[in-house]
A.B. asks: 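Okay, handing you the structure first.
We count residues from 1, following the sequence as given. Keep in mind it's a predicted model, so treat the numbers as computed, not measured.
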Amino acid sequence: MEEQSLDTVGGGGGGQCIKEEEEENENLTEMAALDAEEDEDEETLPHSEILDIFEEGLAQLVQDPLLCDLPIQVTLEEVNSQIALEYGQAMTVKVLKADGEIMPIVVVQNATVLDLKKAICRFMELKQQREGGVKHISWRYVWRTYHLVFQGEKLEDDKMRLKDYGIRNRDEVTFMKRLRKK
């Protein structure tokens, strides 16, 4: 009788909500028990072994002719960039440093100057991690001191697309020191 009075006072659905909550709690308990059983079935490996298995698989992946240009300590970002490059969704911009080194930078087809600058930063960061060397580069200083130049034209507008400057796949962009204003 009490259950009927609760139903009528609460608009007719109060008892049903309680029953639904109880059923949901039972379902969650059953799911947790199944998860626990699955966890017991799986073999647990230490982190170092999982890392070794992953690196072996990655080394086999990098032997693929499509990805053979990538370094052994490749990142997922580099694999995705290489795949995008092969499918024509990205392009390589060769960035010439003042010391003569050429950096192959991969950016998407509709990348902006800012995207190119970020890709240069990421390229240098990965290179430093692999080779050691300088611990920190002040990119703020670099961009205040140098311009990126393509065929004599300074890439000054960070929001402008590389296409709009006429930059295509395998084109060369150079770092050029800014002249000081007096």
A.B. asks: Suppose we screen for side-chain contact (heavy atoms from CB on, under 4.5 Å). Which residues come up paired with I102, at least two apart in sequence or across chains?
C.D. replies: K94, L96, E172
A.B. asks: Sort and list the pairs that fulfil salt bridge (Lys or Arg N to Asp or Glu O under 4.0 Å) and have at least one residue in residues 50-63, not counting sequence neighbours.
C.D. replies: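 Passing the test, one end in residues 50-63: no pairs.
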A.B. asks: Indicate every side-chain donor-acceptor pair of residues 147-160 with a distance under 3.5 Å to a residue at least two apart or in another chain.
C.D. replies:
unit_1 : atom_1 : unit_2 : atom_2 : d
D157   : OD1    : K159   : N      : 3.1
D158   : OD1    : K117   : NZ     : 2.9

A.B. asks: Going by the rule salt bridge (Lys or Arg N to Asp or Glu O under 4.0 Å), which residues pair with D171 if we only count those two or more places apart in sequence or in a different chain?
C.D. replies: none
A.B. asks: Taking ring-ring contact (aromatic ring centres under 6.0 Å, His included) as the definition, give me every residue that meets it alongside W143, ordered by chain and number, with sequence neighbours left out.
C.D. replies: W139, F175
A.B. asks: If you measure from CE on M176 to OG1 on T145, what distance do you get to the nearest 0.5 Å?
C.D. replies: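 It comes to 14.5 Å.
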A.B. asks: Return each pair, listed once, that meets side chain to side chain donor-acceptor pair (under 3.5 Å) where at least one residue sits in residues 79-90; pairs must be two or more places apart or across chains.
C.D. replies: none
A.B. asks: Would a single hydrophobic cluster contain both I120 and Y165, if residues Ile, Leu, Val, Met, Phe, Trp and Tyr are joined by side-chain heavy-atom contacts under 4.5 Å?
C.D. replies: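 Y165 and I120: one cluster.
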A.B. asks: Got a sec, which residues hit salt bridge (Lys or Arg N to Asp or Glu O under 4.0 Å) with R122, two or more places apart in sequence or on another chain?
C.D. replies: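 Per chain and number, R122 pairs via salt bridge (Lys or Arg N to Asp or Glu O under 4.0 Å) with E77, E125.
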A.B. asks: List for me each residue that meets salt bridge (Lys or Arg N to Asp or Glu O under 4.0 Å) alongside R178, sequence neighbours excluded, and say none if there are none.
C.D. replies: none
A.B. asks: Mind listing the side-chain donor-acceptor pairs of residues 105-116 below 3.5 Å, one per line with the distance, residues two or more places apart or on another chain?
C.D. replies:
unit_1 : atom_1 : unit_2 : atom_2 : d
Q109   : NE2    : G88    : O      : 3.4
Q109   : NE2    : A90    : O      : 3.1
T112   : OG1    : L114   : N      : 3.4
T112   : OG1    : D115   : N      : 3.2
T112   : OG1    : D115   : OD2    : 3.3
D115   : OD2    : T112   : N      : 3.0

A.B. asks: Could you name each residue pair satisfying salt bridge (Lys or Arg N to Asp or Glu O under 4.0 Å) that touches residues 100-109, not counting sequence neighbours?
C.D. replies: K97-E101, E101-K127
A.B. asks: For F54, enumerate each residue passing the side-chain contact (heavy atoms from CB on, under 4.5 Å) test, keeping only those at least two apart in sequence or located in another chain.
C.D. replies: L58
A.B. asks: Indicate yes or no: at least one non-hydrogen side-chain atom of T174 is less than 4.5 angstrom from one of V95.
C.D. replies: no
A.B. asks: Considering residues at least two apart in sequence or located in another chain, which fulfil the side chain to side chain donor-acceptor pair (under 3.5 Å) criterion with T75?
C.D. replies: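 With sequence neighbours excluded, T75 shows a side chain to side chain donor-acceptor pair (under 3.5 Å) to E78, given in chain and number order.
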